Amino acid sequence: MNLRSLPVLPSLIVAAAVAAMIALGFWQLGRADEKEALLASYRNVPQDAAPVEYPLTDEGIEQNLYRATTVQCGEVVSKRDIVGTNSVGVKGWAHLATCRLASAGEGADEAEIALGWSRTPQGPDWAGGEVTGILAPGGKIVADPPLAGLGPLAKPDPADLPNNHLSYAVQWFLFALTALVIFILAVRKKAG
């Protein structure tokens, strides 16, 4: 295959696409390192760390995950029941309430509270009040101790957060290689 016989425009398009995919692969490798550092910081939160004020921003939530927090549920906006696991690994029901936070004032912000665990899907009567718990991904508070006479839910664990960036990087590198191989085969077929 002679380089002068390569079609110019398709060659430029494939070269740009391959370069972009390789760049995305290296970007994912960098993200994998960042995510591992973040997960390590979550794993290193001391069990006796001082409680934090409930963060009202996504960035604040991410920085304070897996720390104890206390809020005042001024009003229960909604309730729902989902499949959940208790503190000893038994499957059952997790009972959740969305609360309007009393301390947020006008335009009060809301937080989801995982009240606790039970064997039945019927949620408890709970009208709000003080909640102490662990800040989980998404800003949910897993009540600790559980509320409304429920059993304890499994505590949020940073090991449950995936770090898929290495596999994403491998995928981008494979996409780049595949595009290159297909281009070479297409040029050979056209030339032959």
Side-chain angles (χ1 to χ4, degrees), residues 1-46 52 54-67 69 77-87 89-96 98 109-114 117 121 133-142 153-192:
M1 178 169 60
N2 184 349
L3 289 178
R4 290 187 175 175
S5 66
L6 289 176
V8 176
L9 185 59
S11 297
L12 291 175
I13 291 171
V14 170
V18 167
M21 288 182 247
I22 290 172
L24 286 168
F26 281 109
W27 177 71
Q28 286 292 345
L29 288 175
R31 289 286 296 136
D33 292 340
E34 292 171 14
K35 184 75 173 267
E36 186 51 44
L38 185 64
L39 292 174
S41 74
Y42 294 155
R43 286 189 297 268
N44 293 329
V45 171
V52 296
Y54 183 76
L56 299 176
T57 65
D58 291 341
E59 183 179 323
I61 288 170
E62 186 171 306
Q63 290 172 352
N64 290 290
L65 284 177
Y66 307 101
R67 295 186 178 277
T69 190
V77 177
S78 65
K79 292 181 188 176
R80 66 189 179 108
D81 310 301
I82 62 171
V83 174
T85 305
N86 72 6
S87 59
V90 177
K91 300 291 184 195
W93 293 91
H95 303 284
L96 309 174
T98 300
D109 283 284
E110 295 177 352
E112 185 171 55
I113 311 296
W117 177 92
I134 307 297
L135 189 58
K140 177 172 59 177
I141 300 170
V142 178
L153 283 162
K155 290 190 179 187
D157 186 351
D160 295 336
L161 291 177
N163 186 356
N164 299 332
H165 295 288
L166 180 59
S167 63
Y168 295 154
V170 169
Q171 286 176 341
W172 281 116
F173 293 139
L174 289 175
F175 291 156
L177 180 62
T178 302
L180 198 55
V181 168
I182 289 172
F183 177 73
I184 290 169
L185 291 174
V187 168
R188 279 189 180 171
K189 184 174 181 175
K190 186 169 177 123

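Here the structure is a predicted model, which means the values were calculated and not measured.
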Within the 4.5 Å heavy-atom criterion, are [X] and [Y] side-chain neighbours or not?
X     : Y      : result
Val52 : Gln63  : no
Leu29 : Leu166 : yes
Leu24 : Gln28  : no
Ile22 : Trp172 : no

If every non-hydrogen atom of [X] is compared with every non-hydrogen atom of [Y], which pair is closest and at what distance?
X      : Y      : result
Ala176 : Val18  : O-CG2, 3.7 Å
Val14  : Ala179 : CG1-O, 4.3 Å
Gly25  : Phe173 : C-CZ, 3.6 Å
Ala154 : Val142 : O-CG1, 4.1 Å

Please round to the nearest 0.5 Å and tell me the distance separating atom [atom1] of [X] and atom [atom2] of [Y].
X      : Y      : atom1 : atom2 : answer
Asp157 : Ile134 : CG    : CD1   : 11.5 Å
Ile182 : Leu177 : CD1   : CG    : 9.5 Å
Leu174 : Met21  : CG    : CE    : 11.0 Å
Lys140 : Leu153 : NZ    : CG    : 8.0 Å

Only distances under 3.5 Å count here; give the side-chain donor-acceptor pairs of residues 77-85 to other protein atoms, sequence neighbours excluded, each with its distance to 0.1 Å.
unit_1	atom_1	unit_2	atom_2	d
Ser78	OG	Thr98	OG1	3.4
Lys79	NZ	Pro124	O	3.1
Lys79	NZ	Trp126	O	3.2
Arg80	NE	Glu112	OE2	3.1
Arg80	NH2	Glu112	OE2	2.8
Asp81	OD1	His95	ND1	2.6
Thr85	OG1	Lys91	NZ	2.9

Original post:
Is the backbone of Leu135 close enough, under 3.5 Å, to the side chain of Tyr54 for a donor and an acceptor to pair up by distance?
Top reply: no
